[in-house]
Amino acid sequence: MKPLNILYEARSLAGAAVIACMPIAAVAQQSGGTLVMTVVPEPPSLASYNSTSQPIGQVATKVYDGLLSYDSETMAQPALAESWEVSEDGKSITFNLRQGVTWHDGEPFTSADVQFTFMEVLKKFHPRGVNNFRELLAVDTPDEHTAIFRLTGPAPYILRILSSYESPIVPKHAFGEQDVREYDKANMPIGTGPFKFVEWQRGQYMRFDRNEDYWKDGLPYLDRILARFIPDPGTRTAAMETGEVHLTAYSHIPTEDLGFLAEQDHLEVTQDGYEMMPGVTFLIFDTTEPPFDDVRVRQAVSYAIDRQFITDAVWNGYGKPATGPMDSKMIWYSDDVRDYTVADRLDIANQLLDEAGYPRDESGIRFEITHDVQPYGEVWQRFGEVVVQQLADVGIDVTIRYEDTPTWLNRVFTDYDFAMTSTGYFNFSDPVIGVHRGYHSNQIQQGTVFVNASRWSSPETDQIMNEAAVEIDFDRRMGLYAELQRLVVDAAPHVFVQEPAQISVYNSKVNGLLESPFGSFWGMDTVWIEQ
Amino acid sequence: MTQSRKRVLFIAKRLLQAVPVIFGIVVVNFLLLQLMEGDAVDVLAGEAASATPEYMAQLREKFGLDRPFHVQLWAYVSNVIVLDLGYSFRYDMPVVDLIMTRFWPTMLLMTTTLFIAITVGIILGLLAATGLNRWRDTIISVLALVSYATPLFWVGLMLVLLFSVRLGWLPTSGMETIAAFYEGWDRVLDIARHMVMPVTALSLFYMAAFTRLMRASMLEQSNMDYVTTARAKGLTERRIAWVHVLRNALLPVLTMGGVQVANLLGGSVIIESVFGWPGMGLLAFEALFARDLNLLLGIFLFAAILVLATNLIIDILYTFLDPRIELS
């Protein structure tokens, strides 16, 4: 067997079992205590196996485990699978499952659960799973502790999407013969995870208590996790200040409040801990109609946008300017792309617009457009205002339109009734999941949100993505993605503006939050509170 | 016919009249909500930040959103007739259950607020009217004006800033201290502590309206003939104000109380969001942005019934305050 993918396979084989049981070698962990975190908005359910909704992910990961987990360098680590092996042709993956693991109701965890989870639940009903596991033909279970994935072809990204958030393992016995969507314990979940679900008081909180029989000895440290739903951002800030709440993740504290919160002795503000939740904020053009059907106009707008100013002024210095469709936290990131931040960028922009046949009229205006700002709060409105100013510099007159979320989603992704809009996509853990969706022609799906709404594609880039999806040689895959980034940035269907920071605010008593690359989308078994 | 028999007949008649009114409300609400862009599936998929067309089609089929509009309306109305409010799209549970868990917190907030706002409003109005154009009147009138003109959410946040963050006396939000698991009187006390700020913020606003109304009403009544008669009889000004004028002046305040119940539901949307109070207002707010039509229609229906019921109660109260008013 040859090492297939140096970065994410090498540590997986020999070292797997050792790392699994190794306690973290710090000195002062203390057991006990209750962690209070905010979750916004209130999750619609706890069914993380058929919804990728973010609030659900933040709570359900306390209850459900994944086959693998990922360390802060995004390397795969053993979880319910103690070790794994990819066959030489890349068409099968063998998982050796942990023995002696029990579900929260006392039943043993076996390979039948793994087979059921992937074939009957995730592949059929998980919103991303339908795509994620398209290549998965079957899961063989030669014995109770071995599960073998049979694939139609190599699918290197599968080992990147086996976390408790992306692919939670669910109990076959509890589902029984029920329709997965009608599962009667959806909101009283039974998992193998570090915490057991106790109660859900609608409009108030969810409570999770320590799983005494967790398969990691001595873990979790916490006695209890409470997830509170506080809808008002100002009140969340106040609750962090008073110490009523210990953790607010995913930038749910307004950026303008972060400055004075960071100055307080009992609070920490950080952008770390989101290595596996990378993303890019961008403007999307309607590339099917004038003026943005012309690549020169799109490039001109891209040159006209001052990314550093936007990071500093709109996002208060959090995050950093983006160069292309991938966040620089991605392994496959390449900065070998057209540089839109050159010193004479405004001259280039003006020249491109002249060439494209949009001269300035007597009042200096070339054309007028409407910018549909993503309706996700004040910070986006500020972003919209800055874009108005920056595009006015090159003679484009922009009007802002700000609607409510369902109206905006419908306008952009169903009616295609826009010229330019702002949003951002998570890259997730692999480009196949998080990047292809913005640029592949097969992702032009009217009515589906957060896919290729610019409707730009090219046979060349389609071909690169098709190859990269099944390429098991790491270097060749890197090369393909570098080329993809170069082509997409040149064609500029999006203006890549910012790598958004995901910000956590937490009480200094809380330790170990940053050991996961998933923000708060993980079991938090190694998190502990100073008593 | 005796007065009590009249009352029973009156109530029966009003209840009968309420049926077509509620039916009309259901249909109009349904039509209005159809005008909104986007549906619950867009929102669920939007929150997920990704979704496949298969998944979205699956959800629309499950929610019945793929059916033609008139079929949806017919299905909804025929369900409401048998008191079935359907399932919430977002929470995947019966709308009635969802509303019931959120109904009592809102009722607690509303009744306390109404009680405080009306009582304090009446007293302040009375004090202002009896001290007309003197310092007492000026202070009360200015206070009423300021608290009426200040936005609710701002008052809420300022209270949080002062009493929770600066002074540390009261919890910022929620209905109870959730990690404490209080029982019995400890729990009652704990909930009362959580109620102080939301009730204060809401009461300040509505109290202002009652104060102004009570003052005006007292002044109007004091010009009536019966006041002159009372004065001619040699009654003291204090007795005239507290016994004769007060009772008559209360009638418009009571009417206003009925009208304010509907407004209060609106105000509770803001206050419940600021204080994370698990009530119906917050639920309605979330349901609107989630395009959870069944839930929203259910809440509207509940609110309509609540307003109709309050107005009926107020009409009956009239007859106690002023025996000259007859129920017909």
Side-chain angles (χ1 to χ4, degrees), chain A residues 34 36 41-42 44-45 47 50-56 125-128 130-131 181 186-187 201-205 207 224 226 228-232 234-236 238-239 241-242 244-245 403-411 413-415 425-426 428 433-434 437 445-451, chain B residues 36-59 62 88-93 97-98 101-102 105 153 156-157 160-161 164-165 168 171-179 272-279 282-283 285-286 288-292:
Chain A
T34 296
V36 184
E42 178 166 2
S45 78
N50 77 352
S51 171
T52 47
S53 164
Q54 294 197 41
I56 298 180
F125 300 108
H126 189 277
R128 284 200 288 270
V130 178
N131 275 335
R181 286 163 297 178
N187 292 337
Q201 288 291 335
R202 304 269 165 182
Q204 300 187 64
Y205 64 91
R207 176 180 158 194
R224 184 174 297 130
L226 290 168
R228 277 188 66 180
F229 321 125
I230 304 180
D232 187 88
T235 313
R236 286 197 288 276
E241 273 193 276
T242 61
E244 278 170 64
V245 170
E403 299 168 314
D404 82 342
T405 307
T407 311
W408 173 78
L409 286 170
N410 211 44
R411 175 185 295 283
F413 297 102
T414 304
D415 296 342
Y425 287 4
F426 277 117
F428 296 114
I433 318 300
R437 60 178 170 152
Q445 298 168 344
Q446 190 161 15
T448 304
V449 298
F450 301 117
V451 288
Chain B
M36 294 195 299
E37 292 272 345
D39 63 17
V41 175
D42 285 328
V43 179
L44 285 171
E47 261 174 34
S50 63
T52 58
E54 292 97 321
Y55 173 70
M56 292 178 77
Q58 238 179 51
L59 281 180
K62 181 180 165 188
S88 152
F89 301 153
R90 182 176 174 82
Y91 293 103
D92 203 13
M93 63 186 279
D97 295 359
L98 208 50
T101 59
R102 311 293 280 267
F153 76 93
L157 281 177
V160 170
L161 211 58
S164 304
V165 177
T172 55
S173 55
M175 194 169 82
E176 39 189 326
T177 313
I178 47 180
E272 287 177 8
S273 304
V274 171
F275 291 101
W277 188 266
L282 183 53
L283 191 65
F285 186 71
E286 285 166 354
L288 175 67
F289 285 98
R291 295 289 191 268
D292 193 340

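Chain identifiers are assigned alphabetically (A, B, ...) following the order of the sequence lines, protein sequences preceding nucleic acid strands; residue numbering begins at 1 within each chain.
At a 4.5 Å heavy-atom cutoff, the contact between B:S164 and chain A is made by backbone and side-chain atoms alike. With a threshold of 4.5 angstrom between heavy atoms, B:M56 approaches chain A through side-chain atoms but not through N, CA, C or O. Contacts between B:V160 and chain A at a heavy-atom distance below 4.5 Å involve the side chain alone, from C-beta outward. Contact of B:R102 with chain A is made through the side chain alone, with heavy-atom distances under 4.5 Å. Heavy atoms of B:P171 lying under 4.5 Å from chain A belong to its backbone as well as its side chain. Residue contact with chain A, scored on non-hydrogen atoms closer than 4.5 Å, is absent for B:L59.
A distance of 7.5 Å separates CD of A:E403 from CD of B:E37, quoted to the nearest 0.5 Å. The structure places CD of A:E244 at 8.0 Å from OG1 of B:T177, a figure rounded to the nearest 0.5 Å. Of the inter-residue distances, the one linking B:E176 atom CD with A:Y205 atom OH reads 6.0 Å to the nearest 0.5 angstrom.
A donor-acceptor contact shorter than 3.5 Å is absent between the side chain of B:S273 and the backbone of A:P231. Remark: the backbone N or O of B:G276 is not paired with any side-chain donor or acceptor of A:R228 at under 3.5 angstrom.
Of the residues considered (B:V274, B:L288, B:V41, B:L161), B:V274 shows the highest number of contacts with chain A, using heavy-atom pairs under 4.5 Å. Top candidate by heavy-atom pairs under 4.5 Å with chain B, chosen from A:P44, A:G203, A:P41, is A:P44. Each of B:Q58, B:K62, B:M36 has some count of heavy-atom pairs under 4.5 Å with chain A, and the biggest count is that of B:Q58.
Applying the side chain to side chain contact (heavy atoms under 4.5 Å, CB included) test between B:D42 and each of A:T448, A:L409, A:T405 identifies A:L409 as the sole match. Each of A:T235, A:T242, A:D232 was compared with B:S173 under the side chain to side chain contact (heavy atoms under 4.5 Å, CB included) criterion, and only A:T235 meets it.
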CA sep, side-chain torsions, deciding dist, call: B:R291, A:D404, salt bridge (charged side-chain N to carboxylate O under 4.0 Å, His left out):
CA-CA 11 Å; B:R291 295 289 191 268; A:D404 82 342; 3.0 Å; yes
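At least one side-chain heavy atom of A:R202 sits under 4.5 Å from a side-chain heavy atom of B:M93.
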